[in-house]
There are 2 protein chains.
Amino acid sequence: MRADAQRNAEKLRAAAAELFQERGLKVPLKEIARRAGVSHGTLYNLFGTREALIDEVVTGLAADRLDEAAEHALSFEDPREGFAYYIEKVCELQATDPAVADVVSGRFPAAECLMAICGRAQDAATRIIERAQLAGAIRPDFTSEDLLLFFGTNALLARAVADTAPDAWRRQVAFLLQGLDTAPAQEAPSAAPLTGQQVYDVMGRLAGTP
Amino acid sequence: MRADAQRNAEKLRAAAAELFQERGLKVPLKEIARRAGVSHGTLYNLFGTREALIDEVVTGLAADRLDEAAEHALSFEDPREGFAYYIEKVCELQATDPAVADVVSGRFPAAECLMAICGRAQDAATRIIERAQLAGAIRPDFTSEDLLLFFGTNALLARAVADTAPDAWRRQVAFLLQGLDTAPAQEAPSAAPLTGQQVYDVMGRLAGTP
DNA sequence: ACAGTTCTTGACCCTTGGGTCAACTTGCCT
DNA sequence: AGGCAAGTTGACCCAAGGGTCAAGAACTGT
């Protein structure tokens with residue numbers, strides 16, 4: 001590969017990483033090229049597909065943080081606390097970084113690294129859930145599949161509320177944790193309830209204009 | 001208005017109602033015209049905007065069923081049961097009818113009738129929630145705004161799982177109800193857990209290819 | 001320093017969906 | 001029956017986003 005091509009690829013990776021974090025994994029490829037300062041033809045030439053581009057940057061974008069969350073969750077003495085920590089942490093990552101949100105949701109099946117990260121995350125979730133269940137801390141019929149589905153909807157919710165009430169997702173997470181806990185502590189959710197206007201705004205964004 | 005125009009408007013309303021129920025309120029207008037057997041120009045001529053068309057059919061599509069659900073919920077002796085019934089019923093309506101899902105989510109702010117229905121639904125929700133809270137059945141900090149947000153995400157989830165595991169949303173609802181209840185009964189969710197493959201499929205559809 | 005290979009460019013094509021309007025048809029009233 | 005208003009049509013416009021490729025620019029090895 002020629003030196004200038006190498007340089008362009010690097011610029012594209014950088015631009016992609018930026019835009020993925022700002023707007024998620026489905027930003028227009030032409031915009032990535034624009035930010036990188038090259039023609040979109042070059043992007044197609046060097047990477048071919050969006051999935052290939054994702055594969056080259058996604059590890060740095062999400063893998064570390066997800067792995068760390070899982071590790072830390074398992075390091076808690078109390079499996080119940082570890083479980084709660086993990087769910088909140090992952091949701092928080094999703095809320096603060098659209099790229100992570102899309103990674104966890106695991107669209108883009110053609111991106112191998114992404115799917116690998118996804119798989120690792122699910123394995124971690126399984127371990128964290130089972131540990132909590134063995135301790136009798138959470139309901140025994142909750143599965144990692146349920147959790148993934150929750151993460152999937154949380155990704156959308158977090159993105160929809162981002163501009164209006166950036167912490168709104170915490171309430172839903174609190175309700176879920178309460179529902180899963182075998183001995184709920186009935187704590188107050190860690191975010192204020194939304195106003196009618198805020199809900200109105202958010203609803204417009206939920207699957208509305210992305 | 002000439003008789004043939006009247007007839008065309010009727011055909012368009014019928015086609016719209018059908019397609020809204022099959023695919024939600026954002027089906028392409030040209031497709032509605034095609035199903036009605038008229039040119040899309042006629043649709044624009046007779047209704048002008050998607051919102052106007054929605055306004056003419058949405059009452060028949062959703063209002064009755066939503067009102068009925070609210071009414072029935074309030075007729076329960078036990079406020080806790082009424083509350084649980086209402087949430088499950090609305091989610092079920094969303095799951096079985098994409099039009100209802102979009103109505104409850106209240107996008108399309110320009111559609112007056114739709115927004116009216118939305119408002120009525122929220123009022124009903126408020127009453128049902130407050131009744132349950134007065135009875136001490138559910139946590140006192142849950143608001144109708146929280147519920148609307150939940151409905152919003154449920155709409156997306158229900159649509160995503162429709163082809164793969166049409167009852168999957170019931171598990172999430174069960175977890176929420178458990179989390180809101182002050183004296184949870186720890187019942188089993190009323191749907192089987194998903195398999196990995198099913199989650200994989202669903203994730204692809206969640207905010208993926210609409 | 002130049003040939004030859006590699007790479008880049010941007011004009012071009014495709015699709016989907018919203019929207020407009022001049023020219024044509026058709027219903028209706030007299 | 002005929003004329004005019006009302007209604008219909010479909011070709012056309014737009015924008016966004018994905019993708020391709022001939023022509024030209026730029027590296028690099030000798």
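Lettering of chains follows the sequences in order, A, B, ..., and the numbering in each one begins at 1.
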With no hydrogens and no angle check, is any side-chain donor or acceptor of Gln133(B) less than 3.5 Å from a backbone partner on Arg139(B)?
yes

Ile32(B) CD1 to dT16(C) C1', in whole Å, measures 15 Å

To the nearest angstrom, how far is Glu31(A) atom CD from dG18(D) atom C1'?
14 Å

Establish, yes or no, whether a centroid distance under 6.0 Å links the rings of Phe142(A) and Phe175(B).
yes

For Arg13(A), is there an ion pair with Glu10(A) - N to carboxylate O distance below 4.0 angstrom?
yes

At under 4.0 Å between heavy atoms, what does Asp4(B) touch on the DNA or RNA strands: base, sugar-phosphate, or nothing?
sugar-phosphate

Tell me if the side-chain of Lys30(A) makes a donor-acceptor pair with the base of dG10(C), cut-off 3.5 Å, by modelled atom types.
no

Between dC7(C), dG19(C), dG18(D), which nucleotide gets closest to the side-chain atoms of Pro28(A)?
dG18(D)

Take the protein atom OH of Tyr44(B) and the nucleotide atom P of dA11(D), then report the distance between them rounded to whole Å.
17 Å

Is there a donor and acceptor pair, one atom on the side chain of Ser39(A) and one on the base of dG10(C), closer than 3.5 Å?
yes

How many Å lie between CG on Leu12(B) and C1' on dG7(D), as a whole number?
13 Å

Go through the N and O atoms of the side chain of Arg2(B) and the base of dT26(C), and report whether any donor-acceptor pair is under 3.5 Å.
yes

May I ask you to verify if any side-chain N or O of Thr42(A) is less than 4.0 angstrom from the OP1 or OP2 atom of dT9(C)?
yes

Carboxylate-amine/guanidinium proximity below 4.0 Å for Asp123(B) and Arg120(B):
no

Taking the minimum atom-to-atom distance to the side chain of Leu29(B), which one of dC7(C), dG18(C), dG7(D) wins?
dG18(C)

Taking N and O atoms by type only, does the side chain of His40(B) place a donor or acceptor under 3.5 Å from a partner on the base of dG18(C)?
no

For Thr195(B) and Tyr200(B), what are the C-alpha separation, side-chain angles and deciding distance, and is it a side chain to side chain contact (heavy atoms under 4.5 Å, CB included)?
CA-CA 9 Å; Thr195(B) 65; Tyr200(B) 181 88; over 6 Å; no

Closer to the 5' end of DNA chain D via nearest nucleotide, is it Arg7(A) or Gln6(B)?
Gln6(B)

Contact under 4.0 Å: Asn45(B) side-chain N or O vs dG7(D) OP1/OP2:
no

For Leu46(A) and dC7(C), what is the distance between atoms CG and C1' respectively, to the nearest whole Å?
8 Å

Spacing of Asn8(A) atom CG relative to dT6(C) atom C1', expressed in whole Å:
12 Å

Length of the CG-P vector between Leu43(B) and dG18(C), whole Å:
10 Å

Spacing of Arg34(A) atom CZ relative to dT9(C) atom P, expressed in whole Å
14 Å

